[in-house]
Amino acid sequence: MDKSGERRCYRQGKLTKLVPGLPAEKKRELYYASHLNSLIFSYYAKLLSDFYDAKLKSNEYNLNEVVTAYRSIPIHPRNEKNSNKCNIDFANDIFKYITNYSEDKFSVITFDISSFFDHLNHKLLLEIWAEVLDKDKLPDDHFNVFKNITRFSHIDIVDIFEEFKNRIYTRNINKFGKPLETKQKSIKKIKFLRNQNAIAFCTKAEFFKVKGKLLQPSKTKKNKDGTIQYRDFGIPQGSPISSVLANIYLLHFDKSINDFIQSTGGIYCRYSDDIVVVCPLLSKEKLTDLVNKEITKYKLEIQASKTMAFQFQRINGKLACGQEYPDRVNWNKNLIYLGFEFDGQNVLLKSASLSGYYRKMKRYINRAKRFSRHKKNHNGGEIFKRRIFKKFSYKGAKRTRKYIWDTKENKFEKTESYNWGNFLSYTNKASKQMINNKIKQQTKRHWNIINELLK
C-alpha cells in the first residue's frame, strides 16, 4: 500500500495503480545492474551464449529451432548478413506450421511458466552452467559471476527517490540537441523524472552516506506471516546475463519435451516462459501430464489458469479453431501467441494490444485538450497536433533520420538520431510478414478516430 492507500505494483519497471474490480497486474520486478557489473555480465553472457548455441545445434540436442527467446536466429540461415527473427517471425512460423499440419484434427496447447526468473533454483543453475561449459565444476571466474547474480543487493527505486527527490540532478537539451548545464531540482513524483530530464539521483559520495538504509539483501525473503526465508532461488530479471541463464536452465526440459513431440509428430517451441505445442489429438493428455511432471524437476510450475488447449479441425476444406473446455469446444475462441491471434484462417493483432493502443491515444488527446484550455496556456487553446500524429498515426510510423536547424549555416543538418516510429510501425511490419493476415484492416480507421477525438 502506498501513502494514499491505493494498491500499487511494479510491472515492466513501472509503478502501476491497480484498479479495484479489474484483474491484478502481473507483478514483474526488474533489476538493473550498475554500469561496471553490466559490462562484466555482458561479457560472460556472450561466452555462455556461444557454448549454449553449440549445444542446441548439436546432434545430441537438436534444439536450435525450439528455444527462440533471447537468441539471434537468422531469417535465412544460409545468409549470415541477413537480419534475425523477432517475435513476429516466431509466431508466423507456428501459424504456418498449423496451417500445413498433415492431420485434419489436432491440438495446440499453450503453457505459461509461473514466475520464471524468480524461482530458478541456484543449485540446479550452478550444475547446468558447468555442464554447458563442458566442465565438472565452474571455473573460478564464472563462479564469481554466479555468486554475484544470485547473491546481490539492490535498491528500490521508490526508496532512493524519496531520499533524494528534493535535489535530483537534471540536464536540459537545447533545440540543437546539445546538453546544457547540470542542475539540481526538486521533483514531486517518480513519473516526472523523464519529463524533467533527470540524469542521476545523487553523486557517488552522496550515495555512500546513506547506502546503509537503502541497500536490501536478496539472500533473504520476508514472507507474509513475517518469517524470514533464506533464498536459494531466483535471479534478477533485467541484467545482461539473466536471459541466457534462464534459457540454459531448461536445457534438459526442452530436450525431454521435444523428444516426445518428435516421436508423436508435431512441434514444440519455448519463448522464455511461453510454451506452445502442436500435436495429434490423441497425444494431448499425455503431453500435458509430461510437461507438468518434467517442470517440477526444475523447482518450477506451470500456471494452470494460463494453460489453454485449442482444437483445430478442417471443416469443408477450411481450418477452424476452438478453445477446449471440460464440457465443450468454443469455436469462437482464437489461438493467442506472442501478441497475435489465429483463427485457423487469418492472423490478427491481439485484441488487448489494439485496445491498449486506442486507449492510450484517447487518454493522450484528452490530456492535450485539457492543457490547451488551461488559464496559463498562451497558445489560445491550440492543440499541437503534429506531436499527436507522430505518436499515434501513420505519419509517425516511418523510421526517419532527425535533422536540426543550424543557424550559422542557415540550413538543416543531418544528425545520427532517428525517429523510431510508433505502434503502427510494428503493425505494418507484421502485416507484411504474417500469412493471411487482416492486420491492416484492424488499424485502418486510426486516422478517422484521431480526428474525431480532436474535435
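Just so it is clear, the values below take in all heavy atoms, side chains as well, and ignore hydrogens, waters and symmetry mates. All residue numbers in this chain count up from 1 along the given sequence.
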- Can you find a heavy atom in the side chain of Lys438 that is under 4.5 Å from one in the side chain of Val347? no

- Note on the structure: Between Leu335 and Cys321 the two heavy atoms that sit nearest each other are N-SG, 3.6 Å

- Query: Lys123: what forms a salt bridge (Lys or Arg N to Asp or Glu O under 4.0 Å) with it, not counting sequence neighbours?
  - Reply: none

- From Leu348 CG over to Phe342 CZ, what is the distance, rounded to the nearest 0.5 angstrom? 10.0 Å

- Message: Quick check: do Phe117 and Leu30 have side-chain heavy atoms less than 4.5 Å from each other?
- Response: no

- Are there more than 12 heavy atoms of other residues, nucleotides or ligands under 6.0 Å from atom CG of Asp140? no

- Task: Would you indicate whether Phe207, at its atom CZ, is surrounded by more than 12 heavy atoms from other residues, nucleotides or ligands within a distance under 6.0 Å?
- Result: yes

- Task: Please assess Leu300 against Leu250 for the test side chain to side chain contact (heavy atoms under 4.5 Å, CB included), listing each intermediate value before the final yes or no.
- Result: CA-CA 10 Å; Leu300 298 172; Leu250 290 182; 4.1 Å; yes

- Task: Show the numbers, then the answer: is there a salt bridge (charged side-chain N to carboxylate O under 4.0 Å, His left out) between Glu206 and Lys209?
- Result: CA-CA 5 Å; Glu206 290 170 337; Lys209 289 180 181 179; over 6 Å; no

- Item | Neighbour count >12 (heavy atoms, 6.0 Å) for atom CZ, Arg401 | yes

- Side chains of Lys440 and Asn428: donor-acceptor distance under 3.5 Å anywhere? yes

- Task: Output yes when a side-chain donor or acceptor of Asn422 lies under 3.5 Å from a complementary backbone atom of Lys390, and no otherwise.
- Result: yes

- Message: Using modelled atom types and a 3.5 Å cut-off, is there a donor and acceptor pairing between side-chain atoms of Thr307 and backbone atoms of Gln303?
- Response: yes

- Item | Heavy-atom pair with the smallest gap, counting every atom of Ser114 and His119 | O-ND1, 4.2 Å

- Would the Trp129 and Phe143 ring centres measure less than 6.0 Å apart? no

- Asn334 and Asp343: side-chain donor and acceptor closer than 3.5 Å? no

- Query: Side chains of Gln216 and Asp156: is there a donor and an acceptor less than 3.5 Å apart?
  - Reply: no

- Query: Going by atom types alone, do Tyr70 and Ser272 pair a side-chain donor with an acceptor below 3.5 Å?
  - Reply: yes

- Message: Checking Lys333 now: which residues fulfil salt bridge (Lys or Arg N to Asp or Glu O under 4.0 Å) with it, not counting sequence neighbours?
- Response: none

- Between Phe392 and Tyr357, how do the two ring planes meet: parallel, tilted or perpendicular, split at 30° and 60°? tilted

- Partner residues of Asp53 under the salt bridge (Lys or Arg N to Asp or Glu O under 4.0 Å) criterion, sequence neighbours left out: Arg71

- Message: Quick one about Ser351 and Glu341 (side-chain donor to acceptor, distance below 3.5 Å, no hydrogens or angles considered), yes or no?
- Response: yes

- Query: Between Val66 and Cys269, does a side chain to side chain contact (heavy atoms under 4.5 Å, CB included) hold up when you go through it step by step?
  - Reply: CA-CA 5 Å; Val66 169; Cys269 283; 5.6 Å; no

- Item | CA sep, side-chain torsions, deciding dist, call: Glu294, Lys297, side chain to side chain contact (heavy atoms under 4.5 Å, CB included) | CA-CA 6 Å; Glu294 286 293 316; Lys297 295 180 181 179; 3.0 Å; yes

- Query: Only one of Tyr426, Tyr337, Tyr271 clears side chain to side chain donor-acceptor pair (under 3.5 Å) with Asn87; which?
  - Reply: Tyr426

- Glu301, CD atom: more than 12 neighbouring heavy atoms under 6.0 Å: no

- Query: Is Phe253 close to Ile275 at the side-chain level, that is, under 4.5 Å between some pair of heavy atoms?
  - Reply: yes

- Message: Side chains of His252 and Glu131: any donor to acceptor distance under 3.5 Å?
- Response: yes

- Note on the structure: In this structure, CG of Leu338 is separated from OG1 of Thr68 (nearest 0.5 Å) by 7.0 Å

- Would you find more than 12 non-hydrogen atoms of other residues, nucleotides or ligands less than 6.0 Å from Lys391 atom NZ? no

- Task: Begin from the C-alpha positions of Asn172 and Lys183 and carry the test side chain to side chain donor-acceptor pair (under 3.5 Å) through to its verdict.
- Result: CA-CA 9 Å; Asn172 291 331; Lys183 297 181 179 179; over 6 Å; no

- Query: Considering only heavy atoms from C-beta outward, does the side chain of Ile241 approach that of Ile40 to under 4.5 Å?
  - Reply: no

- Short N-O contact, Lys85 and Asp93, less than 4.0 angstrom: yes

- Is the side chain of Asn451 donor-acceptor paired with the backbone N or O of Trp447 at a distance under 3.5 Å, no angle test? yes

- Restricting to pairs with a member in residues 33-46, which pass side chain to side chain donor-acceptor pair (under 3.5 Å), not counting sequence neighbours? Ser34-Asn37, Tyr44-Asp141, Lys46-Asp50

- Message: When you compare the side chain of Val277 with that of Phe111, does any pair of heavy atoms fall below 4.5 Å?
- Response: yes

- Task: Taking atom types as modelled, find out whether Asp254 and Tyr268 have a side-chain donor-acceptor pair closer than 3.5 angstrom.
- Result: yes

- Message: Taking salt bridge (Lys or Arg N to Asp or Glu O under 4.0 Å) as the cut-off, I'd like each qualifying pair that reaches into residues 144-155, sequence neighbours left out, listed once.
- Response: none

- Could you tell me if the ring centre of Phe164 sits under 6.0 Å from that of Phe201? no

- Query: Yes or no on side chain to side chain contact (heavy atoms under 4.5 Å, CB included) for Phe340 and Asn92, after CA distance, side-chain angles and deciding distance?
  - Reply: CA-CA 9 Å; Phe340 297 93; Asn92 196 38; over 6 Å; no

- Message: I'd like to check Glu181 versus Arg171 (side-chain heavy atoms, cut-off strictly below 4.5 Å). Are they in contact?
- Response: no

- Task: May I ask you to check whether over 12 heavy atoms, not counting those of Lys211, lie within 6.0 Å of atom NZ?
- Result: no

- Message: The criterion is salt bridge (Lys or Arg N to Asp or Glu O under 4.0 Å); which residues satisfy it with Glu452, sequence neighbours excluded?
- Response: Lys455

